[in-house]
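Notes follow the structure.
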Amino acid sequence: MRLMQSVVLVAAGLACAAAALAADRELNVYNWSDYIGETTISDFEAETGIKVRYDVFDSNDILETKLLAGQSGYDVVVPSGNFLARQIQAGAFQALDKSKLQNFDNLSPEIMADVAQAWDPDNSHGIVYMWGTTGIGYNVEKIAERMPDAPVDSLRMLFDPEIVSRFADCGIHVLDAADEVFPAALAYIGEKPDSKDPDVLRKAEPVLMAMRPHIAKFHSSEYINALANGDICLAFGWSGDVFQASDRAVEADNGVEVSYTIPEEGALMWMDMMAIPVDAPNPEAAHLFIDYIMRPKVIAEATNYVYYANANPSSDSMIEPEIREDPAIYPTPEVMQKLYINTPYGRSEQRLINRIWTRVKTGQ
Amino acid sequence: MQPKSGTKGRRIAIAIPYVWLAVFFLAPFLIVLKISLSEPAVSIPPYLPLFEWTVGADNEERALSFFATAANFATLFADGLYANALVSSLKIAAIATIVALIIGFPMAYAIARAPDRFRHILLFLVILPFWTSFLIRVYAWIGILKTEGFLNLALRGVGVIDSPLTILYTDVAVYIGIVYTYLPFMILPIYAVLVRMDQSMIEAAIDLGCRPIRAFWLITVPLARPGIIAGCLLVFIPAVGEFVIPDLLGGSETLMIGHTLWVEFFNNRDWPLASAVALVLLVLLLAPMVYLRRYQLRTWSFEKP
């Protein structure tokens, strides 16, 4: 009996130790959907022996809600810069231990300086994973059919009722993200895109209302497949997502040609930042993963797969020329001048734009 | 000894459902109530505490301070959005329930009257969709209803329509989704009462010269009433707060309270206001739930006599 008890005890002890060891070798990553290299995760697992649990989201809001609820259980998360800024303020992240990030200096000093200025002073909480623009994705053939001289490189495609109404019959999707749409509407009427002035923000409403009757759906991820399948012909969306749609259409060989433009009025330049939650179960592995991501070869493979620019100039030589030389992905210096970044809205401004956004979407 | 332990056992048996209710209903309810009286903040969690220990300058003097606000409930009534969303949800749920009843009743009737050997297969078929994830089944409807989807291809194939129907991303798609998803909850309770119905009553009515249609209205429908009421409530209550189906199949103008709650919680990051919306919804749905409980207690039983 005694013997039996001790056997059970030892077995239980071993099981606990094994569980603790397993937890030590486990990493929970929460990233955007369709946003990583094909083999990035499996390569990392093979090299380190750390098991990665990989979850995805399609909106900053979902990530923020999980972070602010606390105990999200994630070790690495990827919010956009303006969200990162507010989450730092809420105390959601731990400071990065730069001594564990040997590849940190691979990142572009210019881009990291922008980040420090806008969102994360001293770059102490996050590194840039990838960045892109929010612009216009379209089905080349269907747009040309309806309007041969369509101004595809202008926000008039969306905000000029005369023009947008011509494409309503073939389907238009717009990101369901007030934070992305308001700056564009303000840029279109010549206001400061990042304005936080309530009177200026209200000026976006008539612009959006004029567009509203022609939009089939406001959604932040369905447009990838919808563009690729030819179900819609126009989308206001994220650059890399549109390129993925284009790529899927080529793979499916369905005769759909999808293209992306950065509007001449300017576009939002957003950056997605890798950061470690303050209560991450395994910050050690999180640092390993972030350092791994900053390796030129790893991030180049990811860029080659998802068609988003990274902030790692040392990876440039490994990026496929068709991507590196595409001005819609790596814009020319002149276009870069026209891009703008956004800072977080305060609570009452956030409520104001979301309330207007609800009114735009539902008519209520 | 014997009777005493008997009471003890009975007490435990009675206590279990109450403990269950306290843990899984009352406690979450109180938490939501607490948050609804608070104010949002940029912190973890994103609202201010209701009770706080304030420590004096000398680190000795402690006081429990209490702060609560009714501002969130005031917002709900000041902005017409919330009332509109609620009315729209009730309308969608009511229409979907009626459609489910119109489709579900004949199905339940047919199954109840089917020969014994078929009946079990038919019942099994009603329950079969539950073996696949609800989410995947709703996604499948996107493939069926979209412009280039199966339905449009089929209708064009047989020449019923020339140009594709726009169903996906409209309220019609939401009705289809809700009716499809909740139909088994309509069929099963109605089936349960119909299968126990004494067939000889209909025979008696017809022998006495009653026409079949009249016999149906005078005998079958009143006897099926408990099943109809239970089925309607089982469809109506979850449909009012439905979020996934309108999100996937509905258009942007489909306004439902579930989505309004989502916007408050996720987009505005205003947990207190979201909690206030949830509380109002809960109170409004409590009335039909209480009604359902009474009916369940009185008449509900799936066994065949």
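Below, all heavy atoms of this structure are taken into account, side chains as well, without hydrogens, waters or symmetry copies. Lettering of chains follows the sequences in order, A, B, ..., and the numbering in each one begins at 1.
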### Side chain / backbone / both / neither for A/L67 at chain B, heavy atoms under 4.5 Å
backbone

#### Entry: Which atom of B/P46 lies closest to which atom of A/L68, heavy atoms considered
CD-O, 3.4 Å

#### Entry: With B/F77 via ring pair (Phe, Tyr, Trp, His ring centres under 6.0 Å) - residues at least two apart
none

#### Entry: Best-contacting candidate, B/V263, B/I142, B/L81, against chain A by heavy atom pairs under 4.5 angstrom
B/L81

Quick one: donor-acceptor pairs between chain B and chain A, under 3.5 Å, side chains and backbone, table format.
| from | atom 1 | to | atom 2 | distance (Å) |
| --- | --- | --- | --- | --- |
| B/D79 | OD1 | A/R355 | NH2 | 2.9 |
| B/D79 | OD2 | A/R355 | NE | 2.6 |
| B/D79 | OD2 | A/R355 | NH2 | 3.4 |
| B/N84 | ND2 | A/Q364 | OE1 | 2.6 |
| B/K146 | NZ | A/D231 | OD2 | 3.4 |
| B/Y169 | OH | A/E222 | OE1 | 2.7 |
| B/D247 | O | A/K217 | NZ | 3.1 |
| B/L248 | O | A/K217 | NZ | 3.4 |
| B/S252 | OG | A/F218 | N | 3.2 |
| B/E253 | OE1 | A/R212 | NH2 | 3.1 |
| B/E264 | OE1 | A/R351 | NH2 | 2.9 |
| B/N267 | O | A/N354 | ND2 | 3.0 |
| B/N267 | ND2 | A/D61 | OD2 | 2.6 |
| B/N268 | OD1 | A/N354 | ND2 | 2.5 |
| B/R269 | NE | A/E64 | OE2 | 3.0 |
| B/R269 | NH1 | A/D61 | OD1 | 3.1 |
| B/R269 | NH2 | A/Q350 | OE1 | 2.8 |
| B/D270 | OD2 | A/R351 | NH2 | 2.6 |

### Message
How about CZ on B/F243, more than 12 heavy atoms from neighbouring residues, nucleotides or ligands closer than 6.0 Å, or not?
### Response
yes

#### Entry: Interface moiety of B/L168 toward chain A, non-hydrogen atoms closer than 4.5 Å
neither

